[in-house]
Amino acid sequence: MNNSAVPRAASPASIPLTAGQAKRYAVTAWYLLATMGHFIFATYILAVFYPPIAAHGAEGLAGMHLPNGFREGDVVGNLAAVTHVMIAVVVIAGGPLQLMPIIRSRLPAFHRVLGRCYVMAAMCSATVGLYMVWTRGTVGGLVGHIAISGDGILILIFSALTVYNALKGRLATHRRWAMRLFMVASSVWFFRVGLMGWIALTGGMGIDFKTFSGPALTLLFFAQYLLPLAMLEWYFRLQRPAPPAEQWGFALVVMGLSSFMAVGIFSATIDMWLPRV
Ligand code: HEM
């Protein structure tokens with residue numbers, strides 16, 4: 001039989017990328033996109049919350065889009081809300097900077113100082129956030145309260161483990177906990193991007209906007225930190241030799257999630273953040 005007449009299946013050699021390269025490119029693209037999205041959110045926080053707080057103190061939060069931002073006479077609660085939104089900038093802008101390899105290698109002193117500020121800001125934000133949720137409440141009902149509290153508790157635990165391993169000089173373990181901390185401390189960003197991406201693609205299927213509840217929101221309340229954490233654990237697993245099929249699978253899932261994230265970042269910027277600036 002003449003072999004040239006038989007159509008040949010694409011051999012791995014005919015694919016221009018190796019599985020390892022595909023994984024690396026997908027992760028780099030995800031990181032660049034996430035960094036851009038974090039910086040947009042940090043700019044929004046600076047532009048929307050800092051000027052009214054600088055001009056009027058806690059009362060500057062009155063009448064804003066935060067349903068529980070300011071309450072007449074509640075000094076401690078108002079102080080908590082002001083602290084929470086002001087230090088959010090350090091968490092949101094500082095996280096991607098800490099993960100930037102060039103900063104870690106070229107500016108180690110900056111990396112150390114920013115790392116300390118980041119962990120302190122994340123712990124403070126989570127503690128104050130827990131206080132706000134259980135004294136003033138927030139949107140999302142009991143399920144929302146429980147989900148965001150789970151995130152707050154993970155932030156505190158991961159912060160402690162990040163610092164502990166750094167002090168013990170276990171740098172590889174420290175780095176892993178720092179990356180886990182980034183995922184849970186950025187959950188508020190993942191939530192907004194996920195929500196707006198979902199609304200843009202489905203028109204808000206599974207969400208009751210009057211009560212801000214529904215199956216899609218319940219899923220998102222938990223997915224805002226559990227999905228990034230699960231993807232990170234998969235990434236760690238692939239640091240050891242893994243079959244090419246699994247690496248390709250990971251790269252494709254990251255690319256799919258990044259595409260969704262790109263829609264969410266665009267939609268959150270245009271429809272949520274810019275109109276409030
Ligand atoms: C450490 C990471 C966190 C950051 C960077 C962060 C950031 C923010 C920002 C920027 C806002 C203003 C909302 C907006 O304009 O969209 C906000 C509001 C709020 N956050 Fe956080 N947050 C974090 C963690 C938490 C946690 C762990 C909790 C609770 C356990 C929490 C509870 C709240 C509450 C209750 C509000 C006010 C919502 C309202 O008025 O109903 N946050 N947060």
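When a residue number appears, it is its place in the shown sequence, counting from 1.
Of the inter-residue distances, the one linking Thr202 atom OG1 with Ile207 atom CD1 reads 6.5 Å to the nearest 0.5 angstrom. In this structure, OG on Ser213 lies 7.0 Å from CG on Leu217, to the nearest 0.5 angstrom. Expressed to the nearest 0.5 Å, how far CG of Leu227 lies from CZ of Phe222 amounts to 14.0 Å. Atoms CD1 and CZ, on Ile146 and Phe221 in that order, are 11.5 Å from each other to the nearest 0.5 Å. Considering CG of Leu226 and CE of Met183, their distance stands at 12.5 Å, rounded to 0.5 Å. For the atom pair Leu257 CG and Trp30 CH2, the distance stands at 10.0 Å (nearest 0.5 Å).
Residue Phe260 comes nearest to Gly197 through the heavy atom pair CE1-C, 3.5 Å, listed as atom of the first residue, atom of the second, then distance. The minimum heavy-atom distance between Ala26 and Ala251, with the atom names listed, is CB-O, 3.8 Å. The shortest non-hydrogen separation linking Ala185 to Tyr118 is CB-OH, 3.5 Å. In this structure, Leu195 and Phe212 approach most closely via the heavy-atom pair CD2-CZ, 4.0 Å. The heavy-atom pair separating Val119 from Ser159 by the smallest distance is CG1-CB, 3.8 Å.
Identified under the ring-ring contact (aromatic ring centres under 6.0 Å, His included) test for residues 141-160, with sequence neighbours left out: Trp134-His145, Phe158-Trp177. Applying the side chain to side chain donor-acceptor pair (under 3.5 Å) test to pairs two or more places apart or on separate chains, those with a residue in residues 179-196 are His38-Ser186, Asp151-Ser187, Arg180-Glu233.
Other members of a hydrophobic cluster containing Met120 are absent, since no ILVMFWY side chain comes under 4.5 Å of it, directly or through relayed contacts.
Cluster membership check: Phe190 shares its hydrophobic cluster with Ile153, using side-chain heavy-atom separations under 4.5 Å among Ile, Leu, Val, Met, Phe, Trp and Tyr.
Proximity of a side-chain donor or acceptor of Tyr225 to a complementary backbone N or O of Ala147 within less than 3.5 Å is detected. Within the 3.5 Å criterion, the main-chain N or O of Val163 finds no donor-acceptor partner in the side chain of Lys168. Put simply, the side chain of Gln247 gets close to the backbone of Ala242: a donor and an acceptor are under 3.5 Å apart. No side-chain donor-acceptor contact under 3.5 Å links Asn165 to the backbone of Arg170. A donor-acceptor distance shorter than 3.5 angstrom exists from the side chain of Thr269 to the backbone of Ile265, with no hydrogens or angles considered. Using modelled atom types, no side-chain atom of Trp198 and backbone atom of Ala216 make a donor-acceptor pair closer than 3.5 Å.
Applying the salt bridge (Lys or Arg N to Asp or Glu O under 4.0 Å) criterion to Arg237, with sequence neighbours excluded, gives Glu246.
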Should Arg276 and Met64 be marked as a side-chain contact (heavy atoms from CB on, under 4.5 Å) after you check the CA-CA gap, both sets of side-chain angles, and the distance that decides it? CA-CA 9 Å; Arg276 290 178 188 163; Met64 291 185 79; over 6 Å; no

Give the C-alpha distance, both sets of side-chain angles, the deciding distance and a yes or no for side-chain contact (heavy atoms from CB on, under 4.5 Å) between Val184 and Ile157. CA-CA 11 Å; Val184 291; Ile157 295 173; over 6 Å; no

Would you sort out whether Gln239 and Arg176 count as a side-chain contact (heavy atoms from CB on, under 4.5 Å), showing the intermediate values? CA-CA 12 Å; Gln239 304 292 295; Arg176 284 186 175 215; 4.0 Å; yes

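Ring geometry, Phe49 versus Tyr44: the interplanar angle exceeds 60°, so the pair is classed perpendicular (tilted spans 30 to 60°).
Within the 4.5 Å cutoff, side-chain heavy atoms of Leu156 are placed close to those of Leu130.
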Can you give me every donor-acceptor pair (side chain of residues 74-99, partner residue at least two apart or in another chain, under 3.5 Å) with its distance?
from, atom 1, to, atom 2, distance (Å)
Asp74, OD1, Gly77, N, 2.9
Asp74, OD2, Arg136, NE, 3.3
Asp74, OD2, Arg136, NH2, 3.1
Asn78, OD1, Arg71, N, 2.9
Asn78, OD1, Arg136, NH2, 2.5
Asn78, ND2, Arg71, O, 2.8
Asn78, ND2, Asp74, O, 3.1
Thr83, OG1, Leu79, O, 2.6
His84, ND1, Ser125, O, 3.1
His84, ND1, Ser125, OG, 3.4
Gln98, OE1, His111, ND1, 3.4
Gln98, NE2, His111, O, 3.1
Gln98, NE2, His111, ND1, 3.4

Table please: side-chain donor-acceptor pairs of residues 52-59 below 3.5 Å, with sequence neighbours left out.
none

